[in-house]
Amino acid sequence: MLEQSWHMSYSIGEGGDFEKLKPLSKSEQLRTLLPIQIEHLMRPTLRKRVLHNILPRLTSLRALSLSRYVIVDFPDALFIKLKFLRFLDLSRTKIQKLPDSICVLYSLETLLLSSFTYLEVLPPQMENLINLCHLDISNTSRLKMPLHLLKLKSLQVLVGAKSLLGGWRMEDLGEASYLNGSLSVLELENVVDRWEAQKAKMGEKEQVEKLSLKWSGSTAHNSQTERDILDELHPHTNIKELQISGYRGTQFPNWLADHLFLKLLVQLSLSNCKDCFSLPALGQFPCLTFLSIRKMHRITEVTEEFYGSLPSKKPFNSLEKLEFAEMPEWKQWHILGNGEFPALQDLSIEDCLKLIGKLHENLCSLTKLRISRCPELNLETPIQLSSLKSSEVSSSPKAGVVFDEAEQFTSQLEGMKQIEELCISDCYSLTSLRISTLLSTLKTIGIYHCRKLKLEAPDSSTMISNMFLEELSLIECDSISSPELVPRAHKLWIRSCQNLTRFLIPNGTETLHILSCENLEILSVACGTQMTSLHIHYCKKLKRLPEGMQELLPSLKELRLSDYPEIESFPDGGLPFNLQSLVIIDCEKLVNDRKEWRLQRLSSLRVLDIYHDGSDGEIVGGANWELPCSIQSLHIDNLKAFSSQLLKSLTSLESLFTGNLSQIQSLLGQGLPSSLSELRLSLHDEIHSLPTECLGNLTSLRRLEIINCPQLQSLAESALPSSLSELTI
């Protein structure tokens, strides 16, 4: 098959990968060869025989990656043989010098040389790569010889162009006026003055639509010089996306606030400009849809200047997404009240620890709001969020953003006419939430870590019955104790609500997860519930499942019980007949009394998993401890009393997973169901060998896994069935 394949990937392994790649020596039609690092290897190596004997034969290759291999050098003539290459990734290797033969790859379009830690020079004839469109030379700190950019006429994307003293020159960048697409210029701290920056001729690169300018590390000696340098690095007026990171001046140059100059700008990101004490006037850019401001450590307030100087025009008229993050000294946000942000849909404010100013009063188009780790944030006046669809407030204890005062929160929700998703997180001062404020448009509600929150009764007895959600999550809400006030939802998650002592599963619930509610004692079901999935985990006081499950939950298909120490038996009448999956984990009393389970009546049961602690004994007179022959997947862990006779009765069994079974050698010796296609043997100290007849009769077995069986000494090839396609040891 390999001889006819065109495209292939493989997992990087230990030992040089020669044996793995040896069959490729005949794959002359291969077009693509890409290694993938699935498991973490510190220093994966590639044998020289692969470079000398295998790769040169793959003369049809168009795409080749050798990324992450510890390769120090290449054979001189390697790339002469691979003359059709269009994509070559040599990033993160240890090469000190590229072979001259790389310069004959006239069809090469993409060359990735990032993180070339030891590369010091480039071949002098690189300008021969006349079709090169994308070049990445980022993180190549030792690279000294400048690339003659002016001769790479097809170059569209250049990532990692540097202004290194004695290395890359700004004049090289200046002569590359044909650059188009994306340009990334790094380590700008090495530019001495505005005259050197001027040589880059950034303003003449009219085809560059995305520009990234980045300074690294050090503090500037002269703020005015830094501003002059950035002033000379202004892009052409055609620029659409601009990123400025690590700028060391205290003020931005005037061009960054000129809405006529940046008339086509769509996205702007300012980050890590730690010495800037003010933001440029950005509000009048006509096409700006995305604005990100991060790590501006000296910004203490966002003033009216931020919006621009045209009183007749709404500021930020096109802005759809705005984010502020990691601005620890920001305290005030001044709002004009003239209808700014008329198109804003997504607002995110994170890690602004001192922000106390009011938010916008009329964000009429906002559909998503995220406020995280802003402990002082508060609303001075109510906001009208008539179109809000998703709201998340977390780690903001004064979340008087809305949530500090119940009445204020009520008024806020009533204004969110289109809200679909509401998330309230870590609001420690929120004490009450009236159900009547939860609008009919809501589909998802998540309330997390609000330990004082109580749900209040609605004004009308019909209010709660009319509310129906897609998903409701209540996590670590200790004060919620009245299940009647919990809105109905298709998917319901209740976790660590320690004052919840009883819960009635309401009509319409399809999936219910109850986890770590340590005081829950009674679980019951409303008539007509069409629930399909029920998970109960670590509710240590809950002693029984809902009575009448067979009649009340006829649609139940999945039941999962874990760390449920007090349950002793299933309800009278047994489990629902349509149950397809039953998982029982660490339910000691229930498993030890399993003779009354009556599972043999469940003709739809397909999956049965039992994880136990080995405390069970032999079943005496256990006629009811029989399993239906419909089971297709069985996982048994640390269950002492499990017989070969019971196993053989499972004539439809396809997957068997066993762990910690003291009787495993006996089970294997007496034979397994011939229908098995998958077998996993795990954590068996008792296995010394696999009986030949045990596996030989499994004519449908395709997958065999043997894990943590330290006493296993041999595995005869003759014991493996010919149907086997995957073996894991």
Take a 6.0 Å sphere around CZ of R92 and say whether it holds more than 12 heavy atoms from other residues, nucleotides or ligands.
no
For H513, ring pair (Phe, Tyr, Trp, His ring centres under 6.0 Å) partners two or more places apart
W493, H535
Answer yes or no: is there a donor N or O on one side and an acceptor on the other, between the side chain of R47 and the main chain of T45, under 3.5 Å?
no
Please say whether more than 12 non-hydrogen atoms of neighbouring residues, nucleotides or ligands are located less than 6.0 Å from CZ in R31.
yes
Exam field: side chain S27 to backbone L30, donor-acceptor pair closer than 3.5 Å:
no
Indicate whether the side chain of Q530 and that of S555 have a donor and an acceptor atom separated by less than 3.5 Å.
yes
H537 side chain to Y564 side chain, donor-acceptor N/O pair below 3.5 angstrom
no
Taking everything shown except Q711 itself, do over 12 heavy atoms lie less than 6.0 Å from its CD?
yes
Any ion pair linking E518 and K541 (charged N to carboxylate O, less than 4.0 Å)?
no
Just checking, any donor-acceptor pair under 3.5 angstrom between side chains of S649 and Q645?
no
Answer yes or no: is there a donor N or O on one side and an acceptor on the other, between the side chain of W597 and the main chain of S569, under 3.5 Å?
no
Just jot down the salt bridge (charged side-chain N to carboxylate O under 4.0 Å, His left out) partners of E476, sequence neighbours excluded, or say none.
R451
Between the main-chain N or O of I137 and the side-chain N or O of S114, is there a donor-acceptor pair closer than 3.5 Å?
no
For the pair E470 and K443, find out whether any cationic side-chain nitrogen is under 4.0 Å from an anionic carboxylate oxygen.
no
Testing the 3.5 Å rule here: is there a donor-acceptor pair between the side chains of N592 and H612?
yes
Quick one: CG on L512 to OG1 on T532, what's the gap to the nearest 0.5 Å?
10.5 Å
Can you find a pair of side-chain heavy atoms, one from C539 and one from I514, that are under 4.5 Å apart?
yes
Would you confirm whether R68, through its side chain, and L66, through its main-chain N or O, come within 3.5 Å as a donor-acceptor pair?
no
Donor-acceptor contact present, side-chain S65 to main-chain P35, <3.5 Å:
no
Any side-chain donor paired with an acceptor under 3.5 Å for H134 and T110?
no
Would you say S725's side chain and R702's backbone share a donor-acceptor pair under 3.5 angstrom?
yes
I'd like to know if the side chain of N578 reaches the main chain of L556, judged simply by a donor and an acceptor atom lying under 3.5 Å from each other, with no hydrogens or angles considered.
no
Pairs involving residues 55-87, ordered by first then second residue, that meet ring-ring contact (aromatic ring centres under 6.0 Å, His included) (sequence neighbours left out)
F74-F79
Do the side chain of S91 and the main chain of L113 share a donor and acceptor less than 3.5 angstrom apart?
no
Would you confirm whether D17, through its side chain, and G13, through its main-chain N or O, come within 3.5 Å as a donor-acceptor pair?
yes
Are there over 12 heavy-atom neighbours, none belonging to R62, within less than 6.0 Å of that residue's CZ?
yes
Tell me whether K491 at atom NZ has more than 12 heavy atoms from other residues, nucleotides or ligands lying less than 6.0 Å away.
no
Pair S700, S677: side-chain N/O donor-acceptor within cut-off below 3.5 Å:
no
Just checking, any donor-acceptor pair under 3.5 angstrom between side chains of T728 and E705?
no
